[in-house]
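Just so we're on the same page: letters track the sequence lines, and every chain starts at 1. The structure displayed is predicted, hence computed values, not measured ones.
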Protein chains: 2
Amino acid sequence: MATKGILSKGKQKEMKSAGLRMTGQRALILDIISQRPGHLAADEVYSLARQRQPGISLSTVYRNLQALKKLGLIKELHFDDSHHHYEVKPSIEHHHLVCQGCGKVVEFGCELSQKMMQEIARKKGFKVTGVEVHMTGYCAECQRRQE
Amino acid sequence: MATKGILSKGKQKEMKSAGLRMTGQRALILDIISQRPGHLAADEVYSLARQRQPGISLSTVYRNLQALKKLGLIKELHFDDSHHHYEVKPSIEHHHLVCQGCGKVVEFGCELSQKMMQEIARKKGFKVTGVEVHMTGYCAECQRRQE
DNA sequence: ATGGCTGCAAAAGTTTTGCACTTCT
DNA sequence: AGAAGTGCAAAACTTTTGCAGCCAT
């Protein structure tokens with residue numbers, strides 16, 4: 001099984017203590033999401049996975065996306081679509097800017113979001129575990145096209 | 001038809017020029033969303049609508065949610081659920097903080113988000129039309145319960 | 001060996017669509 | 001008349017679940 005290199009030793013222990021196993025399918029899914037820049041929808045993960053392991057089932061993809069999410073290895077995003085998107089959890093928080101003209105998604109980092117997080121946590125008495133900033137607009141090309 | 005008071009004169013004109021009509025069902029749906037603080041899922045709008053107009057159909061609710069969204073009168077939110085939520089478009093931008101323990105949703109205002117919007121617009125060459133900040137965490141009560 | 005994992009098929013849940021009919025302008 | 005809206009039923013889509021057998025630890 002080609003699981004080596006995908007998970008750090010620490011993460012492997014974490015999985016074990018959660019009673020989870022690293023199977024071929026799980027490693028494959030994690031690998032697919034890791035290698036793609038950006039974010040994939042469940043069915044995109046599925047079709048990419050089938051290219052490498054034709055027998056894999058869609059339920060397995062969904063179950064593993066849930067498992068990896070719960071483990072904190074991947075992040076689930078909610079765009080305007082009706083379905084979810086997934087990406088590896090980045091070490092540095094980043095956010096998304098979606099073009100309403102062409103659907104392009106641009107990632108951006110922002111220190112302000114950390115400040116915002118602390119401010120709200122204090123004000124509302126919450127222990128904040130995550131921030132997701134989602135902007136919509138029109139990219140440079142789409143603006144030009146509209147004129 | 002009890003449409004008066006729900007839409008400003010300006011908004012009525014806006015609808016007209018978009019080729020839209022203000023029907024009883026549309027006014028009802030807009031009224032329901034306006035009166036509720038917070039955010040409703042489509043099926044909640046549906047069941048509230050049926051209390052006042054038993055014959056209304058679910059498709060009408062969905063079609064009108066789309067229409068009102070396109071018009072910019074309501075806003076579609078994407079939480080972790082599999083379905084969408086709707087709220088009236090507020091005059092002052094506000095965001096959402098969801099408790100992972102009990103599901104409670106707290107709204108908050110934040111000037112930083114405006115600053116962030118301008119910064120990103122400049123950096124990325126986008127014309128930004130909207131920002132949505134979504135935080136997750138644990139509320140004060142759920143934190144206490146966990147200890 | 002035992003408890004998690006998989007594939008398959010079926011189910012569940014949300015949202016969309018086709019169609020004939022009605023309603024507004 | 002012509003365009004938009006509605007209700008109903010059916011369809012489309014994404015996601016979840018039950019189950020029997022399989023596999024990692």
Side-chain angles (χ1 to χ4, degrees), chain A residues 1-4 6-7 9 11-30 39-50 52-71 73-74 76-86, chain B residues 1-4 7 12-30 39-47 49-50 52-71 73-74 76-86:
Chain A
M1 196 193 311
T3 60
K4 63 182 173 197
I6 291 174
L7 279 188
K9 286 267 169 60
K11 288 294 180 188
Q12 284 187 32
K13 260 191 200 159
E14 206 176 310
M15 287 196 71
K16 216 167 169 178
S17 71
L20 296 179
R21 292 172 192 165
M22 180 45 73
T23 61
Q25 288 90 333
R26 190 163 290 166
L28 175 59
I29 289 168
L30 188 51
H39 19 65
L40 294 165
D43 66 309
E44 292 170 324
V45 175
Y46 177 54
S47 72
L48 286 169
R50 282 191 84 88
R52 291 214 247 153
Q53 185 183 315
I56 198 170
S57 80
L58 184 56
S59 358
T60 296
V61 171
Y62 273 107
R63 277 188 288 232
N64 279 320
L65 289 174
Q66 290 306 324
L68 293 170
K69 183 178 84 168
K70 203 165 289 176
L71 256 173
L73 292 174
I74 63 175
E76 192 180 74
L77 304 171
H78 308 93
F79 293 157
D80 291 14
D81 308 282
S82 52
H83 50 240
H84 304 158
H85 290 247
Y86 299 87
Chain B
M1 198 191 309
T3 60
K4 62 181 174 195
L7 278 189
Q12 283 186 33
K13 259 190 202 158
E14 206 176 310
M15 286 196 72
K16 217 167 169 179
S17 73
L20 296 179
R21 294 171 192 166
M22 180 46 74
T23 61
Q25 288 89 333
R26 191 162 288 167
L28 175 60
I29 289 168
L30 187 52
H39 19 64
L40 294 166
D43 66 309
E44 293 171 320
V45 174
Y46 178 54
S47 72
R50 282 192 85 87
R52 292 215 245 153
Q53 185 183 314
I56 198 172
S57 80
L58 184 55
S59 357
T60 296
V61 170
Y62 273 106
R63 277 189 286 231
N64 280 320
L65 288 173
Q66 290 306 325
L68 293 170
K69 183 177 84 168
K70 203 164 287 173
L71 255 173
L73 292 175
I74 63 175
E76 192 179 75
L77 304 171
H78 308 92
F79 293 155
D80 292 12
D81 308 281
S82 53
H83 50 240
H84 304 157
H85 289 248
Y86 299 87

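- Aromatic ring centroids of F79(A) and H85(A) lie under 6.0 Å apart.
- Closest heavy-atom contact between Y86(B) and L65(B): CE1-CD1, 3.6 Å.
- Rounded to an integer number of Å, the gap from NE2 of H83(A) to P of dT15(C) is 13 Å.
- Mapped onto DNA chain D by nearest heavy atom, L58(B) and G19(B) fall at different nucleotides, with G19(B) at the one closer to the 5' end.
- Neither OP1 nor OP2 of dC24(C) sits under 4.0 Å from any side-chain N or O of T23(B).
- A donor and an acceptor atom never sit less than 3.5 Å apart when one is taken from the side chain of T60(A) and the other from the base of dC5(C).
- In this structure, A67(B) and R26(B) approach most closely via the heavy-atom pair CB-NH2, 4.1 Å.
- Rounded to whole Å, atom P of dG5(D) lies 16 Å from atom CG of L28(B).
- The distance between atom CD of Q66(A) and atom C1' of dT17(D), rounded to the nearest whole Å, is 13 Å.
- Look at Y62(A) and you won't find any side-chain N or O under 4.0 angstrom from OP1 or OP2 of dT16(D).
- Remark: Q25(A) is not in phosphate contact with dA24(D), judged by side-chain N or O atoms under 4.0 Å from OP1 or OP2.
- Separating the NE2 atom in H78(A) from the NE2 atom in H83(A) is a distance of 11.5 Å, to the nearest 0.5 Å.
- An OP1 or OP2 oxygen of dT15(C) is reached within less than 4.0 angstrom by a side-chain nitrogen or oxygen of H84(B).
- One donor-acceptor pair, N or O on each side, does fall under 3.5 Å between the base of dC24(C) and the side chain of R21(B).
- At a cut-off of 3.5 angstrom, the base of dC8(D) holds at least one donor-acceptor pair with the side chain of S59(B).
- When the nearest nucleotides of DNA chain D are assigned to L20(A) and D43(A) by heavy-atom distance, the more 5′-ward of the two goes with D43(A).
- Separating the CG atom of N64(A) from the C1' atom of dA24(D) is a distance of 14 Å, rounded to the nearest angstrom.
- Heavy atoms only, all atoms of each residue included: Y46(A) and I56(A) are closest at CE1-O, 3.5 Å.
- Using a 4.0 Å heavy-atom distance criterion, A42(A) is classed as a sugar-phosphate-only contact.
- Here dT16(C) presents its C1' atom at 13 Å from CG of L65(B), a figure rounded to the nearest Å.
- Judged by distance alone with a 3.5 Å cut-off, a donor-acceptor contact links the side chain of R63(B) to the base of dG7(D).
- With rounding to whole Å, H78(B) atom NE2 is found 15 Å from dT14(D) atom P.
- When rounded to the nearest whole Å, the span between CE of M22(A) and P of dT6(C) equals 10 Å.
- Across the protein-nucleic acid pair, I56(A) atom CD1 and dT6(C) atom C1' stand 9 Å apart, rounded to whole Å.
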